[in-house]
Amino acid sequence: MNELATKYNPQDVEDKWYAYWMEHDLFHSVPDDREPYTIVIPPPNVTGVLHMGHMLNNTIQDILVRRARMTGKNACWVPGTDHAAISTEAKVVAKLAAEGIEKHSLSREDFLRHAWDWTDKYGGIILKQLRKLGASCDWARTAFTMDETRSKSVIRVFCDLYEKGLIYRGVRMVNWDPQALTALSDEEVIYKEEQSKLYHLRYKVEGDDRYIVVATTRPETILGDTAVCVNPDDERYSWLKGKKVIVPLVGRAVPIIMDSYVEMEFGTGCLKVTPAHDVNDYMLGDKYNLPSIDIFNDNGTISEAGGMYVGMDRFDVRRKIMEDLEAAGLVEKVEDYVNKVGHSERTDAVIEPKLSMQWFVKMESLAKPALKAVEDDDIAFVPAKFKNTYRHWMSNIKDWCISRQLWWGHRIPAYHLPGGGYVVAESDEEALVKAIEKTGNSALSLDDLQRDPDCLDTWFSSWLWPISLFNGILDPGNEEFRYYYPTSDLVTGPDIIFFWVARMIMAGYEFVGDKPFGNVYFTGIVRDKIGRKMSKSLGNSPDPLDLIEKFGADGVRMGIMLAAPAGHDIMYDDSLCEQGRNFCNKIWNSFRLIKGWEVADAAQPESSRLAVEWFDARLNATMAEMADLMGKFRISEALMALYRLFWDEFSSWYLEVVKPAYGQPVDKTTYNETIRFFDMLLRLLHPFMPFITEELWQHLAERKEGESIMYAQLPEPNEADARLISDFEHLKEVVAGIRTVRKQKQIPQRDALELNVQSRHDSRLDPVIVKMGNISSIVVVEEKNPAAAAFIVGKAEYSIPLADKVNVEEEVAKLNKDLDYYTRFLAGVEKKLSNEKFVANAPEAVVAVERKKKADAEEKLATIRASLAALTK
RNA sequence: GGGCGAUUAGCUCAGCUGGUUUAGAGCGUCUGCCUUACAAGCAGAGGGUCUGCGGUUCGAAUCCGUAAUCGCCCACCA
């Protein structure tokens with residue numbers, strides 16, 4: 001088998017095994033008697049490409065799913081994509097624009113045809129990329145938020161909520177994206193701190209030669225001013241009561257209103273009121289019945305209503321109007337000012353608050369059971385700290401603006417009637433029936449009904465995902481839904497806790513009456529080495545596919561997982577992947593070693609028998625530790641435990657002990673046990689590193705066609721012999737001591753040495769010491785041989801007689817160092833024990849530990865003193 | 001403005017209800033080694049007054065208070 005390359009080459013195996021798994025349909029799940037384990041993928045944007053965040057997220061899901069499969073569960077990981085209304089529509093609009101086609105020069109139907117073409121062309125690339133990663137998704141179940149079942153589910157839910165009175169339509173101040181030309185929900189607005197200016201403008205008082213100064217960050221909106229507001233308690237302005245001021249440049253006289261909303265300390269204490277373009281001003285306008293002048297077109301240019309600068313962009317106007325105000329002597333001063341500006345999450349355009357007719361969902365009643373479920377840990381958040389964030393949002397929840405002025409998405413199933421009013425229905429036919437019923441006009445035809453032009457927020461389909469994937473909205477009694485729902489774990493980023501997680505929980509209780517999942521694992525955000533978020537614009541995000549090419553999928557998975565505790569951001573660096581790749585190589589070479597052995601019908605050496613016994617215990621201990629850690633979603637710690645088991649215990653110790661001398665065969669018993677261990681290690685590794693483990697597992701024994709490590713089971717660990725494990729730890733130190741002596745005295749490994757030992761309690765593992773240290777014999781001595789190099793392990797002193805090679809002074813110095821250390825250590829323990837309060841108050845067990853420490857230290861000191869005496873007599 | 005979280009070795013992090021021989025791991029660093037599985041490796045070594053200050057306690061990285069720094073979330077001061 002040593003014709004195998006000395007280096008593992010992932011490219012030779014990855015695609016091969018993925019194809020094998022697919023060919024044998026190993027990812028597919030159907031309901032059966034086993035316990036289900038279900039994960040639904042957070043659907044990536046249909047036209048997106050894989051980035052580091054997906055990489056982390058999907059690696060975790062694959063680990064959970066593969067492990068579940070290997071512990072006897074019926075694991076089902078459902079993949080799919082999201083239509084991503086705004087961002088997909090934006091991409092299509094941009095593509096059309098590049099071809100010289102304006103969106104609105106097309107009919108809705110033609111535009112949608114282009115959008116579907118685009119989706120067919122670029123859609124699902126990301127799912128193909130996930131295969132490179134090894135994702136064991138049940139591809140036969142691949143869904144799309146705009147496929148038939150999901151679309152019908154969305155419409156059904158809309159109608160249901162409408163019937164329940166939880167959906168309403170009305171004119172409200174909403175977040176307007178002037179680039180995407182649509183309303184957004186509050187969650188889709190990202191506030192960014194920006195360096196801007198605070199402009200102090202002079203408003204002349206009507207019929208007076210005085211003026212007042214108003215501070216604003218948005219001078220262009222004076223075109224829509226319909227009042228100026230001051231605090232009623234502000235004595236500086238009490239003289240203004242009942243007066244009017246003239247809006248600069250515009251020349252409109254507007255009233256002074258007085259409201260305690262205005263902070264006297266801020267700016268000049270005078271607030272200009274533009275009800276159409278600011279949420280608070282809207283509130284004031286409402287309260288004081290002010291006119292509202294909408295000065296913007298939908299695209300952010302000045303409208304006719306603005307009266308000046310018509311057609312100019314809002315930011316150009318800001319510059320221009322300041323010039324004009326300056327020229328007119330109406331600018332008091334301009335200050336630097338840092339404020340927060342809302343940007344569209346999808347297009348990054350600066351949000352414009354805008355009054356418009358939109359559809360909303362009343363959230364309060366939906367939030368109640370969803371909040372309780374998380375409070376009660378019926379749905380567990382990992383890490384739990386996100387409960388705080390969730391609680392806060394849920395208990396201050398606002399109505400959800402669900403309409404978007406887009407064409408790409410689920411069209412709102414509302415039909416406007418000729419004489420005003422509307423009906424909501426799941427189909428055109430039903431709408432007509434309802435319309436006739438409502439109007440009493442039996443002559444109505446479909447042509448008389450105007451379907452509402454708006455689409456629904458993307459998240460209005462995503463929040464149904466765990467339900468609609470199993471057709472639980474349209475057919476809640478179906479077998480699959482009853483089997484797979486509620487799903488087990490959800491793995492996602494904390495950035496979509498409100499967008500998605502919270503809403504799925506609400507949907508679960510509202511539409512099914514049960515939670516959508518049991519645990520939510522929040523991943524960290526992948527950052528670069530210096531802590532910056534990975535982003536396209538910074539160019540600091542590696543392409544995951546390049547990494548897979550370079551380090552292998554297993555190496556990348558391993559590397560990224562080593563650094564990823566739940567909820568902690570991860571600092572990505574290529575060295576992590578290198579570590580993963582190196583580990584693959586280590587596994588590969590261990591395999592080469594074992595497969596290179598010749599097997600003989602010989603007696604098993606005692607050292608090998610002991611090593612087998614020990615490693616069996618070690619393996620079981622780690623299996624138990626991993627099960628515990630995985631149960632707590634401490635995945636990276638479980639992986640680290642396994643990494644160390646394989647590398648430090650199995651490769652560095654077990655294999656070195658049982659490895660036959662060069663050219664010698666290995667006995668059959670040891671060989672079989674070694675294969676058994678390797679098989680079990682591969683199983684443990686498989687969820688983390690699916691490809692290399694499949695490759696080696698297939699080589700390890702004859703396998704039937706279609707057989708796979710994917711379904712090799714992980715047994716419950718046995719009770720591990722803790723005593724044997726700790727004895728072996730002692731042994732490792734002894735061997736290390738021998739190695740140190742060899743190194744210091746420049747004695748090659750091939751020269752056998754005698755080992756002396758004093759005050760030792762156990763000789764059970766001596767054959768292993770003999771083999772690992774190349775020891776000719778272990779001799780128990782009463783007194784230290786002065787011509788021997790010594791070292792202490794635990795309470796025992798070991799020494800290697802070396803005659804002339806030993807420098808007595810050095811040995812004495814070494815012993816004195818130990819003497820000093822343990823003397824001080826003993827002093828510390830004695831101090832504790834002589835403290836009456838400690839002995840009186842500390843638990844008995846703790847005191848006993850200290851007494852044991854004291855006794856051990858005294859015994860050790862006695863040994864050291866005796867050796868020193870022997871050396872210096 | 002409110003809240004939450006963090007601060008432990010050069011880096012990334014464990015350290016769970018205070019008491020595991022005077023704080024652990026991985027990576028990196030340094031020193032030897034091309035030893036017949038693996039230099040993507042092997043054998044070793046060094047490295048921390050647990051962010052500062054105060055408190056509680058027989059005992060504090062761990063609990064409390066406080067300050068600083070960083071991060072995140074929420075909020076209608078233009």
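Order of the sequence lines sets the chain letters (A, B, ...), proteins ahead of strands, with each chain counted from 1.
- Within 4.0 Å (heavy atoms only), A:Tyr643 reaches sugar-phosphate atoms of the nucleic acid but no base atom.
- Among residues two or more places apart in sequence or in another chain, the side chain to side chain contact (heavy atoms under 4.5 Å, CB included) test is passed with A:Ala276 by A:Ser292, A:Asp294.
- To the nearest angstrom, C1' of B:rC4 lies 15 Å from CZ of A:Phe381.
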What does the list of N/O pairs under 3.5 Å between the protein and nucleotides 17-24 of chain B look like, with a distance for each?
residue	atom	partner	partner atom	Å
B:rU21	O4	A:Lys860	NZ	3.4
B:rU22	O4	A:Phe825	N	2.7

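- Under the 30°/60° scheme for interplanar angles, the aromatic rings of A:Phe266 and A:Tyr337 are found to stand perpendicular.
- Of the possible polar contacts, none joining the A:Asn175 side chain to the A:Pro353 backbone as a donor-acceptor pair under 3.5 Å is found.
- Annotation: B:rC27 and B:rA67 have their P atoms spaced 41 Å apart (nearest Å).
- The side-chain hydrogen bond (donor to acceptor under 3.5 Å, both in side chains) search around A:Glu335 returns A:His200, A:Lys333, not counting sequence neighbours.
- With both ends at atom C1', the span from B:rA23 to B:rU49 equals 12 Å, rounded to whole Å.
- The side-chain hydrogen bond (donor to acceptor under 3.5 Å, both in side chains) analysis of residues 830-850 of chain A, with sequence neighbours excluded, yields the pairs A:Glu850-A:Lys853.
- Ring geometry for A:Phe677 against A:Tyr654 counts as perpendicular: the plane angle is over 60°, on a 0 to 90° scale with 30° as the lower cut.
- Distance check: A:Leu753 CG to A:Ile775 CD1 gives 5.5 Å after rounding to the nearest 0.5 Å.
- One C1' atom belongs to B:rA45, the other to B:rC38, and the distance between them is 23 Å to the nearest Å.
- The aromatic rings of A:Tyr390 and A:Phe381 sit perpendicular, their planes meeting at an angle over 60°, well past the 30° parallel limit.
- Across B:rU62 and B:rU57, the matching C1' atoms stand 13 Å from one another, rounded to whole Å.
- Between the P atom of B:rC27 and the CG atom of A:Asp574 lies a distance of 17 Å, rounded to the nearest Å.
- Residue A:Val829 is out of contact with every strand shown, counting any heavy-atom pair closer than 4.0 Å.
- Nucleotides B:rG24 and B:rC30 place their P atoms 25 Å apart, quoted to the nearest Å.
- When base pairs are accepted only as Watson-Crick or G-U wobble with both N-N or N-O distances under 3.5 Å, RNA chain B takes part in stems of 3 or more pairs at B:1-7 with B:68-74, B:10-13 with B:24-27, B:29-33 with B:41-45, B:51-55 with B:63-67.
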Which nucleotides of nucleotides 39-51 of chain B have their base under 4.0 Å from a protein heavy atom (B), which only their sugar-phosphate (S), and which neither (-), written as one string 5' to 3'?
-> -BSSBS-------
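- For A:Gln749 and B:rU35, the CD to P distance is 14 Å, given to the nearest whole Å.
- Of the possible polar contacts, one joining the A:Asn396 side chain to the A:His392 backbone as a donor-acceptor pair under 3.5 Å is found.
- The aromatic rings of A:Phe678 and A:Phe646 sit perpendicular, their planes meeting at an angle over 60°, well past the 30° parallel limit.
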Under 4.0 Å protein heavy-atom contacts per nucleotide of nucleotides 7-16 of chain B, with B for base, S for backbone only and - for none | -----SSSS-
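- Atom C1' of nucleotide B:rA37 and atom CG of A:Leu696 are separated by 13 Å, given to the nearest angstrom.
- Atom CG of A:Leu731 and atom OG of A:Ser726 lie 11.5 Å apart (nearest 0.5 Å).
- Residues satisfying the side-chain hydrogen bond (donor to acceptor under 3.5 Å, both in side chains) test with A:Ser575, not counting sequence neighbours, are A:Asp573.
- The environment of A:Arg723 atom CZ is sparse: at most 12 non-hydrogen atoms of other residues, nucleotides or ligands sit within 6.0 angstrom.
- A:Met640 has its CE atom 7 Å from the P atom of B:rC27, to the nearest Å.
- Using a 4.0 Å heavy-atom distance criterion, A:Glu263 is classed as a base contact.
- Atom pair A:Arg527:CZ and B:rC70:P shows a separation of 15 Å (rounding to whole Å applied).
- Rounded to an integer number of Å, the gap from A:Glu193 CD to B:rC73 P is 13 Å.
- For residues 624-635 of chain A, the salt bridge (Lys or Arg N to Asp or Glu O under 4.0 Å) pairs, not counting sequence neighbours, are A:Asp628-A:Lys632, A:Arg634-A:Glu637.
- Other residues, nucleotides and ligands contribute more than 12 heavy atoms inside 6.0 Å of the NZ atom of A:Lys745.
- Within residues 382-395 of chain A, the residues having any heavy atom closer than 4.0 Å to RNA chain B are, in order of number, A:Lys385, A:Asn388, A:Thr389, A:His392.
- Within a 6.0 Å sphere centred on CD of A:Gln11, other residues, nucleotides and ligands contribute more than 12 heavy atoms.
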Donor-acceptor pairs under 3.5 Å, side chain of residues 820-829 of chain A to any protein atom, not counting sequence neighbours: which ones?
residue	atom	partner	partner atom	Å
A:Thr823	OG1	A:Leu819	O	2.4

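- One atom, CZ of A:Phe522, and another, C1' of B:rC72, lie 14 Å apart when rounded to the nearest Å.
- Among residues two or more places apart in sequence or in another chain, the side-chain hydrogen bond (donor to acceptor under 3.5 Å, both in side chains) test is passed with A:Lys287 by A:Asp259.
- For B:rG48 and B:rA25, the P atoms lie 14 Å apart once the distance is rounded to whole Å.
- Base engagement by A:Glu656 is indicated by at least one non-hydrogen atom pair under 4.0 Å involving a base atom.
- Within 4.0 Å of A:Ser590, counting heavy atoms only, lies at least one base atom of the nucleic acid.
- Annotation: of the two residues near RNA chain B, A:Val279 and A:Val839, the 5′-most nearest-nucleotide partner is A:Val839.
- Using a 4.0 Å heavy-atom distance criterion, A:Lys659 is classed as a base contact.
- Distance noted for atom P between B:rU22 and B:rC42: 30 Å (whole Å).
- Between A:Tyr337 and B:rC77 there is no side-chain N or O to OP1 or OP2 distance below 4.0 Å.
- B:rC11 and B:rU20 have their C1' atoms separated by 27 Å, given to the nearest Å.
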